[in-house]
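Scroll down for the structure; my scribbles are underneath it.
Here is the naming used below: chain letters follow the sequence lines, and residue numbers restart at 1 for every chain. From a predicted model like this one, the values you see are computed outputs, not experimental measurements. Hydrogens, waters and symmetry mates are skipped; everything else that's a heavy atom, side chains included, is used.
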Amino acid sequence: MSNEKKLIPLVVIVGPTASGKTKLAVDIAKKFNGEIVSADSMQIYKYMSIGTAKPTIEEMSSVPHYMIDFLEPNEKFSVAKYVSMAKQHIADIHSRNKLPILVGGTGLYINSLIDNIEFAQMQENTPIRDELYKIAEEKGNDYLFDMLKEIDEDICKELHPNNLGRVIRAIEVYKLTGKNMSWHKEHSKMTPSEYKLCMIGLTASDRQKLYDRINNRVSIMVENGLLDEAKNLFSSVYSGTAKQAIGYKELKGYFENEEKLEDCLEKIRMGSRRYAKRQLTWFRKDERINWIQFDLFSNYKEIFDFACETLVKNNII
RNA sequence: GCCUUUGUAGCUCAGUCGGUAGAGCAAUGGAUUGAAAAUCCAUGUGUCGUUGGUUCGAUUCCGACCGAAGGCA
């Protein structure tokens, strides 16, 4: 094995929702001749722009963006697909002598990509899953968990029986590949990352400041036409992954005349706050991240300058 | 003004036939390898409205007062 292969420089900007990732990424791209690869599990969908806080049309036309706006809302997606597509974009950007910038809040996508997780090669197989879900419904979560114990005792130490989706996936992986999840996890980390990273994390030193921004942004989304966007989405086919997006599902009750608008909006704010909390839990443990606490700077320019300095210090540009 | 109901965790409410209390939601922490903006796990001290009385002991019984909702005038 040779380490001669040259690493691709990659700027990574992470952080909870509403922390200002999009703007910072665009400005960095403009300054350093970069292009942006999004790492967001919902911005991949068309027609879901306001609610997922996609970059504006101006932002997207001033800097090339990838992994945004390319899937119909009824199409399923997965980490494995994300990693293989995003990797190609990064390689392509680099081959054109531009600086790739990975930006987003979906921790699983980002870590799978930058840590070079290799997923088992297989097609997704819903008949197996459906059958397992049926077993769980009839005989209970513990029954399925005991099934998993038979084929992968180690993974059971990391999983809770109630985390049905993962228990089922672990069984499915074994049925489709003949190797259990523990085996795949171990073998997925064999090849080292091909990127030279500089990670920047945006957050607030005071959690309430972040929550204020989130709450405020929901009102802005409504002013920008969130309700119409959601209404259109409901009238078309929208399912699977896209259906989980915060900012749309909460409005259903309003359109069906069962809930007040203000109550639905409060649900969106709450859902977003809880999401931000989970994002922080995910990113906090990554010691490679250079954190920028936006509320400790007096204006945006200082944040931008500080971010640029960080990139220079890390020899990324 | 009178009658009835009501005042318990940030919110909605249980409960204690008198021995200082518990659920859901929220909040906080954590997990995260093909649905990840999803999914899952862990964490419950609050003058039981205020104030007197009865009692060994009251949030629980009795009285007064304060607040809320409804009804009658």
Side-chain angles (χ1 to χ4, degrees), chain A residues 15-18 38-45 48 51-54 71 73-85 104-126 128-130 133 136 141 145 152 154-177 179-190 207-208 211 214 217-218 221 238-250 263 266-286:
Chain A
T17 187
S38 167
D40 187 295
S41 65
M42 294 302 160
Q43 291 183 1
I44 57 177
Y45 291 107
M48 297 166 67
T52 65
K54 276 180 201 162
L71 267 189
N74 61 350
E75 291 182 84
K76 277 193 173 179
F77 202 63
S78 70
V79 212
K81 286 181 193 162
Y82 174 80
V83 170
S84 77
M85 291 174 76
T106 305
L108 178 67
Y109 285 10
I110 289 168
N111 280 83
S112 300
L113 172 54
I114 65 179
D115 294 328
N116 208 30
I117 301 296
E118 289 180 82
F119 296 93
Q121 280 202 296
M122 60 161 89
Q123 296 298 309
E124 53 182 280
N125 186 311
T126 45
I128 289 183
R129 285 194 197 188
D130 291 347
Y133 269 112
N141 294 353
F145 195 65
D152 193 345
D154 289 338
I155 205 75
C156 285
K157 290 171 191 154
E158 300 171 20
L159 279 182
H160 191 281
N162 290 348
N163 212 340
L164 238 204
R166 291 207 192 129
V167 172
I168 286 175
R169 165 101 264 255
I171 297 172
E172 181 194 39
V173 162
Y174 176 73
K175 292 201 171 191
L176 290 177
T177 67
K179 307 276 190 193
N180 68 25
M181 193 59 144
S182 301
W183 185 92
H184 284 291
K185 281 183 84 161
E186 208 184 311
H187 287 255
S188 67
K189 295 180 195 158
M190 298 304 258
R207 179 80 58 93
Q208 191 53 47
Y211 287 175
I214 289 170
R217 189 160 79 166
V218 173
M221 285 176 177
Y238 129 95
S239 59
T241 315
K243 215 172 176 175
Q244 302 174 343
I246 297 167
Y248 304 95
K249 57 177 187 265
E250 295 84 357
D263 291 344
E266 189 47 42
K267 276 193 198 169
I268 294 176
R269 292 186 196 104
M270 187 192 294
S272 302
R273 278 182 246 131
R274 291 168 54 83
Y275 171 46
K277 187 175 98 65
R278 273 176 273 128
Q279 289 176 301
L280 286 169
T281 298
W282 182 288
F283 293 124
R284 238 176 339 216
K285 67 191 170 199
D286 195 330

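To the nearest angstrom, C1' of B/rC41 lies 13 Å from CZ of A/Arg278. Per the geometry, CZ belonging to A/Phe145 stands 15 Å off P belonging to B/rC40, to the nearest Å. B/rA36 atom P lies 17 Å from atom CG of A/Leu159, rounded to whole Å. Here B/rG24 presents its C1' atom at 13 Å from CE of A/Met270, a figure rounded to the nearest Å. As rounded to whole Å, 17 Å separates atom P of B/rU33 from atom CH2 of A/Trp183.
Residue A/Arg273 has no polar side-chain atom (N or O) positioned under 4.0 Å from OP1 or OP2 of B/rA26. Residue A/Asn162 places at least one side-chain N or O closer than 4.0 Å to OP1 or OP2 of B/rC41. OP1 and OP2 of B/rG30 both lie 4.0 Å or more from every side-chain N or O belonging to A/Lys277. Distances shown here put every side-chain N or O of A/Arg274 at or beyond 4.0 Å from the OP1 or OP2 atom of B/rA38. Here A/Arg207 reaches the OP1 or OP2 of B/rU28: one of its side-chain N or O atoms lies under 4.0 Å away. Neither OP1 nor OP2 of B/rU32 sits under 4.0 Å from any side-chain N or O of A/Arg169. For B/rA36, the OP1/OP2 oxygens have a side-chain nitrogen or oxygen of A/Thr241 closer than 4.0 Å. At least one side-chain nitrogen or oxygen of A/Tyr109 sits closer than 4.0 Å to the OP1 or OP2 atom of B/rA36. Phosphate proximity of B/rG30 to A/Thr281: present, with a side-chain N or O under 4.0 Å from OP1 or OP2.
Nucleotides B/rU55 and B/rA73, compared at atom P, are 43 Å apart to the nearest Å. Comparing the C1' positions of B/rU16 and B/rA23 gives an interatomic distance of 15 Å, to the nearest angstrom. The separation of B/rC61 from B/rG1, taken at their P atoms, amounts to 26 Å, rounded to a whole angstrom. One C1' atom belongs to B/rC66, the other to B/rG49, and the distance between them is 8 Å to the nearest Å. Rounded to whole Å, the P atom of B/rU45 lies 35 Å from the corresponding atom of B/rC65. Comparing B/rC25 with B/rU59, their C1' atoms sit 24 Å apart, to the nearest whole Å. For the P atom pair drawn from B/rU54 and B/rU60, the interatomic distance equals 15 Å after rounding to whole Å. B/rU4 and B/rU20 have their C1' atoms separated by 30 Å, with the value rounded to a whole Å.
Nucleic acid contact class of A/Lys185 (heavy atoms, under 4.0 Å, all strands): base. A/Arg129 comes within 4.0 angstrom of a base, heavy atoms only. A/Gly271 comes within contact range of no nucleotide atom at all, as no heavy-atom separation falls under 4.0 Å. A/Asp40 comes within 4.0 angstrom of a nucleotide base, judged by non-hydrogen atoms across all strands. Within 4.0 Å of A/Tyr133, counting heavy atoms only, lies at least one base atom of the nucleic acid. At the heavy-atom level, A/Lys189 lies under 4.0 Å from base atoms of the strands shown. Here A/Thr17 lies out of heavy-atom contact (under 4.0 Å) with every strand. Here A/Tyr211 lies in heavy-atom contact (under 4.0 Å) with sugar-phosphate atoms only. At the heavy-atom level, A/Ser112 lies nowhere under 4.0 Å from the strands shown. Counting non-hydrogen atoms under 4.0 angstrom, A/Phe77 reaches the backbone sugars and phosphates but no base. Note on A/Gln208: nothing from the nucleic acid sits closer than 4.0 angstrom, heavy atoms only. A/Lys285 comes within 4.0 angstrom of a nucleotide base, judged by non-hydrogen atoms across all strands. Base engagement by A/Arg166 is indicated by at least one non-hydrogen atom pair under 4.0 Å involving a base atom. If you check every strand for non-hydrogen atoms under 4.0 Å, A/His184 touches nothing.
Open room surrounds OH on A/Tyr174; 12 or fewer heavy atoms of other groups in view lie less than 6.0 Å from it. For A/Gln121, the CD atom sits in a loose shell: 12 or fewer heavy atoms of surrounding residues, nucleotides or ligands are nearer than 6.0 Å. Annotation for A/Glu186: atom CD does not count as buried by contact number, only 12 or fewer foreign heavy atoms lying within 6.0 Å.
In this structure a side-chain-to-backbone donor-acceptor pair under 3.5 Å is missing from A/Lys243 to A/Lys249.
Between A/Glu158 and A/Lys185 there is a salt bridge, since a side-chain N of the basic residue sits under 4.0 Å from a carboxylate O of the acidic one. Ionic pairing of A/Glu172 and A/Lys175 is not present here: no N-O contact between side-chain nitrogen and carboxylate oxygen is shorter than 4.0 angstrom.
With RNA chain B read from its 5' end, the first of the two nearest nucleotides for A/Met122 and A/Gln279 is the one closest to A/Met122. Both A/Gln121 and A/Ala245 sit near RNA chain B, but only A/Gln121 has its closest nucleotide nearer the 5' end.
Here the rule is side chain to side chain contact (heavy atoms under 4.5 Å, CB included) with A/Tyr82, and of A/Leu108, A/Leu113, A/Ile110 only A/Leu113 fits it.
Side-chain contact annotation: A/Arg217 with A/Ser272, donor-acceptor N/O pair under 3.5 Å absent.
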